[in-house]
Amino acid sequence: MKILIAEDDSLILKTIELCLKRDGFEIICCMDGLDAMEKIESLQPDLIIVDIMLPYFSGLEIVGKVKQFKNPIPVIVISAMGQQSVVEEAMKLGADEYISKPFNIAALTAHIKRLTSTEAIPA
Amino acid sequence: MRWDSLIYDFITYAIFIYSGTQLIFYVLIGLFSIGATKKYANKNSFTDYKLLAISPYAPSISILAPAYNEGANIIENVRSLLSIYYNNLELIVINDGSKDNSLEQLVVAYDLIKIDYFVSYQIATKAVRGVYKSKNPIYKKLVVVDKVNGGKADALNVGVNIASNDYIVCIDVDCVLEQDALLKLMKPFLESTGEKVIATGGVVRIANSCEIQHGRLLKVNLPKQYLPRMQALEYIRAFLLGRMAWSRLNGLLLISGAFGAFDKELAIKVGGYDHKTVGEDMELVVRMRRYMEELKLPYKVAFIPDPLCWTEAPGSYKILGRQRNRWTRGTIETLGLHKKMFFNPRYGLLGLLSYPYWFFFEMCAPGVEFLGLVAFVVMAFFKLIYWQTFFSFLAFIITFGYLYSAFALYMEVRTYNQYRRKTDIMKLLLTALTEPFVFHPFVVWSGVKGYIDKLQKKSSWGEMTRQGLNGNHQPVITANHVVVKDVLLEPQEN
Amino acid sequence: MILLDTNFDDTFARYVKPVYLYSASVVFILLTATLVIATFNTLYVKKKKNCFKKSIEKSLEDWITEVIINESSVGVAIPENIQDLFKKPEARQLVIDELVRNKSSFLGIVSENIIKLYYKLGLNVDSRIKLDDRRTHIQCQGIHELGVMEQKDQLQKVYRFTNSKDKDVRIEAQTAVLQWYGFKGLRFLDVVSYPITEFQQLKLLELLRQLPFTGFSKLDKWLTSSNDTVVSFALKLAEHYKQVQVHKEAEQCLQHPNEAVRVQAVKTLAKIGDSKTADLLTLAYNKERFTNRLNILKELPKIAGDDQRDFLIIQLHEGHEYLKLAAAKVLAHCTAEGMEILEAKSYDTPIPYKEIFLHVKAEAAR
C-alpha cells in the first residue's frame, strides 16, 4: 500500500510519514505541488494526502487533476482552512475526505483504512 | 566685481549647496532606515502570515495583471499567479489588445468561455471586447478580460472597473513572487489603527541570472552581466535605504508598478490610473495622497522591506536607457500635475519634504549634473578651473558615494542577505567602484534624453490619448462620472 | 560633481579648502573599509550560524518526530549527543521553534507528547525567562511559546499583558489567554482599552474556530463597548456563532458613528436577523455612503424577499452602476418575477440594463 503525502512543512510531513510507516504503509513524500504531480504519475500511489497551500500547484488542483484519471485515486485533503466553503469546494472537486488542522493522527489513519478498504471492493 | 565672477560664484555656491543638501539627505536616509529595518525584523520573526490566506474574514483581493504581447510565457505566468493561495481572491488578467495569440492560448489552456458581463466604465477606458471565465472549477478565480489596446494605465483601469473585491493588487505579469508576498503586502491594511492605509508596496529585486522554475524562485544568484548587477546594487540602495526611510516618515511617493496594493474604493474615487503619463504608478500614489491630504483624513502608505517580487532588469544599454528616459518623463509629468503641492504647507510633510526632495534630487538631478559637466568643460577650455579644488571635490563626492553603497550592502547582509557568497559581495563592491565612471554617467545622460523627449513630445502626447477615448462601439461613460462623484466624494468618516 | 575656480571668492575658498575635502574623503574611505569588513564579518557569522543550524536540524528533527509519535518514548532517556546539543542556546531555541510549529498542526497523542517533551527538556523555563526580557520582541516570543504549549500557570503574568501599551505584546498575550481558556479567555474584552486590529481579530477568530464552542459571557456588553474595535469583533463573533439573542444590540450598531462597525453590523444582521431585518437594512441604506450601500446590497440576498421589491426597483434606477448591478442581482435572486422585471427593463432601456440583465442571467445560470 503506497501513500503519497504532499505537505510543505518538513516537520509535519515527517511526523505524518513516521506515524504511517509505523502502521505499515509505504510512504512517498513531496514538499511541493509540482513534485507531487510528477510522483503521482510515475509512482502510482494508492492514496494521496495533500495540504491545500503548496508551492506550484495547490492541493485543490491536485485533487481536480487526480479525479480526472481513468482510475481516480482516493485523496484526503488536510488543511488549516476550516471554513465550510473551502471544505465544500474540495469535496466538489472530488476529495474523499477533508481534515482540518489541527488534527489527530488516529483520525487520519482511520480515514486511510476506510478509504483503502472500500476501494478494494469494487475492483 | 566682474559680471563673470558673479556667474561663477553663483554656480559654485549653487552646486555646493545642492550637493551639500543631497549629502545631508543621504546621511539622514541612511540613519532613518536603520531603525525602521530593525523594528520590522524584530516584529516579523514569528508572524503567521498563513492566517491571512485561510481566514474567511481576510479582505477580498483582486489581482490585476495587464498583459501586452506576452504570448511566449503567458500560460506559465498565469499558472504561477493562480497558484497563489488566498481564500478571497480573484485574478484578473487583462489582455491589452495583444497582437499575438495570447488570448487564444489562454482560452485553450484554461478552458475559457466568453460570458455576459456588465462592465461599468466608472473610470473611462478603452472598450472591453469580452470577459472570459473558465469552465473548470479549479480555475474559478480566473477572469480574463480582452480589451482594445490602450496602454498599461488603461489596462489597469479596466481591471479596476471589473474588480469585484475591496483591494486591488497590481502586478507585472512576468514578475516572480515570493511564497508569502501577497500576504505580507496585505497585512498593513489590517493593522491600521486610526489612520487608513491607502496603499502598500514591497521591495523589488533583480531576477537576472536567478534560477526560476515554473514561476518560482529556486535560487538567488547575483546577475552575471554588468548592467543588471549594477542595478541590483541600485535597487538595494533604493529599497532598503531610501524607501524604508521615507516610509518611516510616511512620505513615500512611489510604489513600484511591478507589485503594489491599493484600496479600490479610493483608487476609483481619485479617478484611477492616469493614462496620459508614463509614470502612472507614481502618479496614482501621489494623487491618492493628495486627495487624503486635501480632505485632512489620517492615512498611510505602507512599505514592506522584505523582498517580495523579482523582476528581469534591462540587460542592454539601449533598453536601460529607454527605461530611465521613461522614469524621468514620468517623474516630470507627475510632479508637474501636482505642482500645487510644492512647498505648500497645506500638504504637510508631503508638500514640504517629499515633493521638494523628488523635485530637486530625482527630477532635477540629471539636469544639474549635466549642466555641471557642460560648465566644467567650458571652463576647462578657458583654463578657468582651479584643479586642486576640483579634484578634492570630486574625490569627496565619489568616496561618499562608495560609503553610501557600502552601507547599503552592509544593511542588506545584516537583514535579508540575499547574496550569501563572499564572492558575490566582493563582485558587488567592485561593481560599485565603477559606478561613478560608467553606470552613473549613462543614467544621467538617459535622464537628460528624457527631458529632451518630454519637451519635444509635449503636444503630441495629449492627442494620442484623446484618440483612444472614442471611436469604439462601447460608449465611454462620462456623464456617469458625475453620478459617481455624488455618491463617492463625500468625506470618509473615522 | 565639479567645483569651479574659486579665485574670485575668498570666503568660499577660506571655508572649503581642498585639504578639508581630501580629509573628508579619507574619512569616508576609512568608514567604507570598516563597513566592508563588518559586512564580511556578518556574512561569516551568519554562515556559521546557518551551518550549525543545518547540521543539527536534521538529527533533531528525526529525534523529535521519533519521540512525539510514540506513546511510550517520552519517558525514555535523552541520547547523549542530543544532551550535549542542549547546552547550546541556539539548539534549544531551534527545538522550541520546531515543537511550537508542530504543536499547532496536531491534536491527540502527538500534541500531548510535544508538551511532555517540552517539559522534559526544561524548555518551559527558557520561555518563562523571556517574559522578563526588556526587549518587547523577546517578550512576545516567550508569550507565544507559553501560549502554544498550554502553560496555563503563567496566566497571572500574561493576563497583565493583554492591555499592554506595546501593540505586539498585547496581541500575543490576548492570543495566549485564548489558547488556554478558549471562549472564557475572551474576558479581556471587558477591559481592553487599546484597539484590536483587524489582523488580531481574525487571528482570534481562527483560534476560537479550533475550540469547542462554550458560549459568551458578555457579548451584549461588548456590543456596546466604547472601544469600536471590540464592538466590531463582538459583531463578528455574533455572526459566526449565530448569536440571535444579541439581535437588538446588533441592530443598534447600525446607528454606530464608526462606518467599519456599521458595515460589520450589516453582515452580522444578515446572519442573525429576523423577518424585519431586511426592512431595517433598506431603511439604513439611505443614510449610508457608497461603501455600506454596496455592502447592504451584497448581504441582502441572504434575507430579502418580495417585500423589498419596491426598494430594489428604486435602486435599479438610482445611483452608481455598481449599485444598480448589485440591486439587480438581489431582485433576480430574491423576488418573484425579479428576472422578468429585469428583462422587461432591458428592452425598455437597453443602456445599461441590457448588459445588467445578461450579466445577472449568466451568473444565475452558472
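Computation of the quantities below employed the complete heavy-atom set of this structure, encompassing side-chain atoms and omitting hydrogens, waters and symmetry-equivalent molecules. Naming: A, B, ... by sequence-line order, numbering from 1 per chain.
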Worksheet item: Side chain, backbone, both or neither: which part of C/Ser104 has an atom under 4.5 Å from a heavy atom of chain A?
Response: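 Contact with chain A: backbone only.
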
Worksheet entry | Side chain, backbone, both or neither of C/Gln210 within contact of chain A (heavy atoms, under 4.5 Å) | side chain

Discussion item. Only pairs of heavy atoms separated by less than 4.5 Å count here; which of C/Val110, C/Leu107, C/Asp62 has the most with chain A?
Written reply: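 Option with the top pair count is C/Leu107.
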
Worksheet entry | Test side chain to side chain donor-acceptor pair (under 3.5 Å) applied to A/Ser10 and C/Glu61, step by step | CA-CA 9 Å; A/Ser10 67; C/Glu61 225 171 62; 3.3 Å; yes

Worksheet entry | Partners passing side chain to side chain donor-acceptor pair (under 3.5 Å) against C/Lys54 (at least two apart in sequence or in another chain) | none

Fill in: Within-4.5 Å side-chain heavy-atom neighbours: C/Gln174 and C/Lys203
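A side-chain contact under 4.5 Å is absent here.
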
Fill in: Per-residue contact mode, A/Ala80 against chain C (heavy atom under 4.5 angstrom)
backbone

Worksheet item: Pick one: which of C/Lys236, C/Gln201, C/Glu239 meets side chain to side chain donor-acceptor pair (under 3.5 Å) with C/Gln264?
Response: C/Glu239

